[in-house]
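Chain letters run A, B, ... following the sequence lines, proteins first, then strands; residues in each count from 1.
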Protein chains: 2
Amino acid sequence: MLSNSSKYAIKAVLFLALNSNEKNKVMVKDISQPINVPQAYIAKLLQALVKEKIISSTRGPKGGFYLDEINLNHSIMNIVNVIDGEKKLNSCMMSLKKCNEEKPCPLHNILSPSRSNILNNLKSKTIKDVIKEVKLGNAFLPL
Amino acid sequence: MLSNSSKYAIKAVLFLALNSNEKNKVMVKDISQPINVPQAYIAKLLQALVKEKIISSTRGPKGGFYLDEINLNHSIMNIVNVIDGEKKLNSCMMSLKKCNEEKPCPLHNILSPSRSNILNNLKSKTIKDVIKEVKLGNAFLPL
DNA sequence: AATAAAATATGATAAAAATCATATTCAAGA
DNA sequence: TCTTGAATATGATTTTTATCATATTTTATT
Ligand code: FES
Ligand code: FES
């Protein structure tokens, strides 16, 4: 469903959402440990996210990664799309060329509603929405 | 979610469900083409399914693969478990060690219900159930 | 300006998944 | 019983994903 890389990226972004802002940037080495992902690995993922403007960064002393207000309003799906590409999640469960309602494969009718639900949630929930649940104590970090 | 191999295996099993029985066995070469999977690849998967008694086979002239009445009552999940192993589908969406309700990760509450729904369907739907929908014209083959 | 501290770009290596290839074994029919 | 046609066992190759490593560029501080 989600690749390892996507999962790691989500963890990192949520960590930044809780622990950074324009004034308090966080270095890779201080991200990799709490989220339990190798530094060189998460560094590469964060760089990709910066390039697509999902997160922010500055280099040099006092530099690091952080989320600004705009970043916080990105959806979880945006993160996944940057890391895994757009089509991974939409493919047919039986590897038909295209998954559609008109000529559904035998698993489509059974599984598609739940999958759509997952996709819609990933699309609609923003970083901000998600960390709100953490702050309310309904979900937990660190990971 | 499902590996390529699992998808291929499901396709092959459904094909057999519709086109074989104890009296009419089907050879790999006559399976691989209609389901659009390379022969050597699907052969290996079918062999794994036979070993776990999800499907049946006999060798030699007039041999081939087929489903008997017992085979038809296996769930789709049984196929997936043989090919992908048991735990792939149950892992946390954010790569926590274990996914649980007591200390859910931030994505758990959002996505877990739909995922459970998918898993329950895969567990409860049998091969026979699924091809019934095909015969009724509610779902389509070939793939 | 020089230095140092950070991200960035780039690419190498390792591990896993997907795919391909073939010698061996078993079963049917001549 | 010999031959032939099928699955089976085994493993090699290729591709993708995951992981690691490092030289370069940018920025703050002295
Ligand atoms: S057609 Fe197969 S999942 Fe939609
Ligand atoms: S704890 Fe992460 S999906 Fe259940």
Phosphate OP1/OP2 of D:dT19 contacted by A:Tyr8 side-chain N/O (<4.0 Å): yes

ILVMFWY cluster, B:Met27 and B:Val37 together (side-chain gap under 4.5 Å): no

Contact list for residues 10-52 of chain B, test ring-ring contact (aromatic ring centres under 6.0 Å, His included), sequence neighbours left out: B:Tyr8-B:Tyr41

Contact residues, residues 69-77 of chain B to DNA chain C [heavy atom, < 4.0 Å]: none

For A:Phe65, all residues meeting ring-ring contact (aromatic ring centres under 6.0 Å, His included), sequence neighbours excluded: none

Residue whose closest nucleotide on DNA chain D lies nearer the 5' end, A:Pro38 versus B:Lys29: B:Lys29

B:Ser114 and B:Asn117: side chain donor to acceptor below 3.5 Å: no

Mind listing the N/O atom pairs, protein and nucleotides 15-17 of chain C, below 3.5 Å?
residue : atom : partner : partner atom : Å
C:dA17  : OP1  : B:Lys88 : NZ           : 3.3

Length of the NZ-P vector between A:Lys51 and C:dT10, whole Å: 7 Å

Sugar-phosphate, base or nothing in reach of A:Val26, heavy atoms under 4.0 Å: sugar-phosphate

Per-nucleotide protein contact string for nucleotides 22-30 of chain D, where B marks a base within reach and S marks sugar-phosphate only (heavy atoms under 4.0 Å, - for neither): ---BBBBS-

C:dA6 phosphate, OP1 or OP2, under 4.0 Å from A:Ser57 side-chain N/O: no

Distance-only donor-acceptor hits, side chain of residues 50-64 of chain B, under 3.5 Å, sequence neighbours excluded:
residue : atom : partner : partner atom : Å
B:Ser56 : OG   : B:Asn71 : OD1          : 2.6
B:Thr58 : OG1  : B:Lys25 : NZ           : 3.3

Same cluster (ILVMFWY, side-chain, under 4.5 Å), A:Leu141 and A:Tyr66: no

